[in-house]
Amino acid sequence: MVVRDFLELEDLKLILEGDLDAEVTGGYMGDLLSVVMGEADEGQAWITIQSHVNIVAVASLKGVPVIIIAQGFEPDEETLESAKEEGITLLGTDLDSFSIAKKLILEKGL
Amino acid sequence: MIFKYQVDAAAPELAGRASTEFKSVLKQLGVNAKIIRKISIAMYEGEINMVIHANGGEITCTVDEKQIEVVMADSGPGIPDLDLAMTAGWSTASQEARELGFGAGMGMPNMKRFSDEMDVKTKVGVGTTLTLRFNL
């Protein structure tokens, strides 16, 4: 599966386009940055309610190609610029983290 | 080869910049991707600590044939109880920092876990110098 495949889900909206052809091998869900730093794996989609610029640093350093910002939180301008520089895709959803994870698993087979 | 980075606590939004820049340097040097990841994670944690606890500081990265050394020095408050600081889940981060997802209490444990050698010199009221070494 690649990042582009996520766009088929109605509940996800594209906030910032990064490398849409980057491969996604699974997912990780968490809002504490150091826990994500320690536990997320390269190639995973990261679901979080955090939306500030440091999420891009975490994703970039871990090799996470796509961040899904849940519960309608919106990234600020700095986050957008940083994600653009790093080629990381930002997706948004009004659903909570668990619900979007469930959809990704059940409907997209992630 | 020596690379130096200033960490500015007045610009917390830039936290992670030094780690990201050094990561690019290591890529250019052709360092193994797994080792780059370990260094990036550990250095990022140190960088964040310098911003949220120590009013910034300086990071000096030394690359030689056998190892990479990352020295993070600050003039912050120092760490009164190092054993506690090394305990997973223990944090003194402010409520403000926690709301941003910092202060998980995993910074120091992550630095230990992802480095091959970790040395902390700290004095209350003087500052902290943290040295991480990574074998190539």
Side-chain angles (χ1 to χ4, degrees), chain A residues 16 18-19 22-23 25-26 28-44 46-65 67-88 90 92 96-97, chain B residues 5 7 11-27 32-53 70 85-91 93 96-115:
Chain A
L16 188 110
D19 179 5
E23 197 173 343
T25 52
Y28 190 81
M29 194 156 82
D31 305 315
L32 292 172
L33 303 186
S34 290
V35 176
V36 179
M37 269 309 243
E39 302 302 325
D41 280 330
E42 182 174 6
Q44 287 181 332
W46 173 24
I47 305 171
T48 182
I49 57 166
Q50 299 291 351
S51 58
H52 58 91
V53 69
N54 273 280
I55 61 173
V56 179
V58 171
S60 166
L61 293 170
K62 290 297 287 190
V64 163
I67 305 172
I68 298 168
I69 302 172
Q71 278 184 234
F73 286 96
E74 289 181 5
D76 53 26
E77 198 56 39
E78 280 168 342
T79 309
L80 297 176
E81 277 174 29
S82 184
K84 199 173 177 182
E85 273 176 33
E86 298 294 329
I88 289 164
L90 300 180
D96 61 82
S97 298
Chain B
Y5 303 93
V7 178
E13 68 278 8
L14 295 182
R17 184 59 60 93
S19 319
T20 309
E21 281 180 19
F22 189 52
K23 184 187 175 190
S24 302
V25 168
L26 294 174
K27 264 188 187 170
N32 173 290
K34 274 188 183 166
I35 295 175
I36 293 181
R37 188 128 298 149
K38 282 167 58 179
I39 295 171
S40 301
I41 294 167
M43 186 169 157
Y44 174 81
E45 295 289 8
E47 201 180 338
I48 292 298
N49 278 355
M50 289 166 98
V51 170
I52 65 175
H53 296 296
V70 177
M86 292 302 300
T87 306
W90 192 86
S91 174
E96 200 184 4
R98 286 170 200 261
E99 280 167 10
L100 292 173
F102 299 116
M106 291 308 296
M108 299 284 279
N110 273 353
M111 283 187 262
K112 177 95 181 159
R113 176 178 158 196
F114 288 99
S115 64

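Not measured: the values here are computed from a predicted model. Only this structure's heavy atoms are used, side chains among them; waters, hydrogens and symmetry mates stay out. Chain letters run A, B, ... following the sequence lines, proteins first, then strands; residues in each count from 1.
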Residues, nucleotides or ligands: over 12 heavy atoms within 6.0 Å of A:E78 CD: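 Count over threshold, so yes.
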
Within residues 40-49 of chain B, which positions have a heavy-atom distance to chain A below 4.5 Å?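 Heavy-atom contacts from residues 40-49 of chain B to chain A are B:S40, B:I41, B:Y44, B:E45, B:I48.
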
Between B:I39, B:N110, B:I36, B:L100, who has the most heavy-atom pairs with chain A when the cutoff is under 4.5 Å?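 Counting heavy-atom pairs under 4.5 Å, the top option is B:L100.
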
Residue list, salt bridge (Lys or Arg N to Asp or Glu O under 4.0 Å) with B:K38, at least two apart or on another chain: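 So B:K38 forms a salt bridge (Lys or Arg N to Asp or Glu O under 4.0 Å) with B:D116.
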
Could you go through the side chain to side chain contact (heavy atoms under 4.5 Å, CB included) check for A:L32 and B:F102 one step at a time? CA-CA 6 Å; A:L32 292 172; B:F102 299 116; over 6 Å; no

Return the minimal non-hydrogen interatomic distance between B:G16 and A:A57, and the atom names on each side.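 Of all heavy-atom pairs spanning B:G16 and A:A57, the closest is CA-CB, 4.4 Å.
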
Applying a criterion of heavy atom separation less than 4.5 Å, what residues of residues 34-44 of chain A form contacts with chain B?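 Heavy-atom contacts from residues 34-44 of chain A to chain B are A:S34, A:V35, A:M37, A:G38, A:E39, A:E42.
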
Heavy-atom distance under 4.5 Å to chain B: side chain of A:D31, backbone, both or neither?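 It is the backbone, since no side chain atom gets that close.
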
Quick one: OG1 on B:T20 to CG on A:L61, what's the gap to the nearest 0.5 Å?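 Spacing of OG1 (B:T20) from CG (A:L61) equals 4.5 Å.
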
Tell me every residue that passes side chain to side chain contact (heavy atoms under 4.5 Å, CB included) with A:E81, counting only those two or more places apart in sequence or in another chain.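 A:E81 satisfies side chain to side chain contact (heavy atoms under 4.5 Å, CB included) with A:E77 only.
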
Determine whether a donor-acceptor pair (N or O, by modelled atom type, separation under 3.5 Å) exists between the side chain of A:K62 and the backbone of B:R37.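 Between the backbone of B:R37 and the side chain of A:K62 there is no qualifying donor-acceptor contact (under 3.5 Å).
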
